[in-house]
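Presented below is the structure to which this report refers.
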Amino acid sequence: MEQYLELVEAVAFSHPKNDMEENEDAILPALITKNAIFIALADGVGGSNGGSTASNIAISTVKIEILENPDTNLKDIFNKVSSNINIEAEKQANKSDMATTLVICKITSGKVEIANVGDSRAYLIEEVSAIKLTTDHTKKQELIDSGIFKSSELKGHHSGNSLTNSLRANKKFKVDIETYESNSGSIVIVSDGVYKYFDGTRIVGNSSEDNLLQVCSNLKKRVLNKGPRDDFSLVAVRFKSGCTAIKSD
């Protein structure tokens, strides 16, 4: 039996909240290696000097590390990103507090691996529902996890914007890494400039995983129709994998 992995569909976009400001998001559209498909998204932390620099360092580092060693593990990539942010912060004193979120998805035959720092999110699209694969590293999520508040009680609360974990210059970080078994499906990674317009599984709308372009188009239209309040970015792939019999002569 021979394993195979196929990229069926890929979608990506990244836009600033308006034409007058710099886009602090950065994305890695589908990058295909011999045995895997990678996508990634970084959201430079607003309010920190050099947010866009940090997010671009993150994505460029991810791409370089994958191309140099496609089998490298995701934790090592995060460590390299952190190191490169620290190096750049030492060069530019005015960006000594630069920070970014980062989500990386690695898809291999039968397996999806998600690594996350911050509050950007990854979703698995199943039919017309979206399952959140990442946990937000925010004060709001801490309050929910502690049992003090329900998510509905904190809707719109400022704690949702307060990060408890990020790739910040000269600071420690914690990366969450989860692995899921899957032979096919759609993975969507979004910055908070996208998902804050949606509520739970309704992120998909009336489309399904079989039409990833329409799903992503609906997401983008919702942001534009409501009026962007932040930079908004998305990277998505639909894939299938499995095993095929090797024909003998």
Side-chain angles (χ1 to χ4, degrees), residues 11-18 23-29 39-46 51 55 58-59 99-105 112 114-145 149-166 176 178 180 185-209 212-238:
V11 185
F13 62 76
S14 183
H15 301 283
K17 61 182 177 182
N18 59 59
N23 186 359
E24 294 192 330
D25 291 355
I27 60 173
L28 177 70
I39 54 175
L41 181 149
D43 180 355
V45 176
S55 63
I59 294 302
T100 185
T101 72
L102 178 61
V103 182
I104 306 174
C105 174
V112 174
I114 303 285
N116 175 58
V117 170
D119 66 345
S120 297
R121 293 181 179 176
Y123 290 89
L124 171 67
I125 308 300
E126 285 192 345
E127 297 182 352
V128 295
S129 296
I131 301 169
K132 188 157 75 79
L133 302 179
T134 51
T135 299
D136 298 343
H137 297 154
T138 61
K139 186 63 178 177
K140 175 181 177 179
Q141 189 63 49
E142 283 191 349
L143 292 171
I144 294 170
D145 292 343
F149 293 98
K150 296 179 181 179
S151 178
S152 58
E153 295 174 321
L154 292 173
K155 188 175 182 179
H157 194 267
H158 65 83
S159 60
N161 299 321
S162 179
L163 285 176
T164 57
N165 184 32
S166 64
D176 290 342
E178 299 289 344
Y180 306 88
S186 295
I187 302 292
V188 178
I189 298 178
V190 290
S191 62
D192 61 352
V194 173
Y195 71 71
K196 285 184 177 179
Y197 287 87
F198 299 88
D199 180 20
T201 58
R202 296 180 64 187
I203 190 171
V204 176
N206 296 321
S207 299
S208 73
E209 62 178 306
L212 184 61
L213 178 59
Q214 188 61 55
V215 170
C216 297
S217 178
N218 291 343
L219 293 173
K220 186 175 182 179
K221 286 179 181 177
R222 174 76 71 89
V223 176
L224 292 173
N225 289 339
K226 294 289 185 179
R229 297 192 298 270
D230 197 354
D231 306 326
F232 56 104
S233 303
L234 172 151
V235 190
V237 292
R238 182 156 66 98

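Sequential numbering from 1 along the given sequence is applied to the chain's residues.
A cation-pi arrangement is present between R121 and Y195 under the rule of less than 6.0 angstrom and at most 45 degrees off the ring axis.
In this structure, the side chain to side chain contact (heavy atoms under 4.5 Å, CB included) partners of D230, at least two apart in sequence or on a different chain, are D192. Not counting sequence neighbours, the partners of S191 by the side-chain hydrogen bond (donor to acceptor under 3.5 Å, both in side chains) test are D25. N116 pairs by the side chain to side chain contact (heavy atoms under 4.5 Å, CB included) definition with V103, T134, H137, not counting sequence neighbours.
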Trace of the side chain to side chain contact (heavy atoms under 4.5 Å, CB included) decision for V188 with L212 | CA-CA 9 Å; V188 178; L212 184 61; 4.0 Å; yes

Passes side chain to side chain contact (heavy atoms under 4.5 Å, CB included), L163 versus D136? Steps please.
-> CA-CA 8 Å; L163 285 176; D136 298 343; over 6 Å; no

Start with the C-alpha gap between K220 and L234, add the side-chain angles, then the distance that decides, and say whether side chain to side chain contact (heavy atoms under 4.5 Å, CB included) holds.
-> CA-CA 9 Å; K220 186 175 182 179; L234 172 151; over 6 Å; no

Stepwise side chain to side chain contact (heavy atoms under 4.5 Å, CB included) test for C105 and I189 | CA-CA 8 Å; C105 174; I189 298 178; 4.0 Å; yes

Give the C-alpha distance, both sets of side-chain angles, the deciding distance and a yes or no for side chain to side chain donor-acceptor pair (under 3.5 Å) between S14 and N23.
-> CA-CA 8 Å; S14 183; N23 186 359; 2.9 Å; yes

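Among D231, T100, V45, the single residue meeting the side-chain contact (heavy atoms from CB on, under 4.5 Å) criterion with E24 is D231. With V11 as the partner, the side-chain contact (heavy atoms from CB on, under 4.5 Å) test is satisfied by one option alone out of P29, C216, S217: C216.
T138 is not listed as a side-chain neighbour of S162, based on a closest heavy-atom distance of 4.5 Å or more. Considering only heavy atoms from C-beta on, E126 comes within 4.5 Å of I131 through its side chain. Contact of the V235 side chain with the L28 side chain is not registered, since no non-hydrogen atoms from C-beta on lie closer than 4.5 Å. The closest side-chain heavy-atom distance from L102 to I59 is below 4.5 Å.
Judged by distance alone, the side chain of Y180 and the main-chain N or O of L124 form no donor-acceptor pair under 3.5 Å. Judged by distance alone, with hydrogens and angles left aside, the side-chain atoms of S55 form no donor-acceptor pair with the main-chain N or O of A42 at under 3.5 Å. Within the 3.5 Å criterion, the main-chain N or O of V117 finds no donor-acceptor partner in the side chain of T101. Judged by distance alone, the side chain of Y197 and the main-chain N or O of L224 form no donor-acceptor pair under 3.5 Å.
Smallest separation of non-hydrogen atoms from Y123 and V190: CE1-CG2, 3.9 Å.
Interatomic distance, OG of S120 versus CG of D43, reported as 4.5 Å (0.5 Å rounding). Interatomic distance, D119 CG to K139 NZ, rounded to the nearest 0.5 Å: 15.0 Å.
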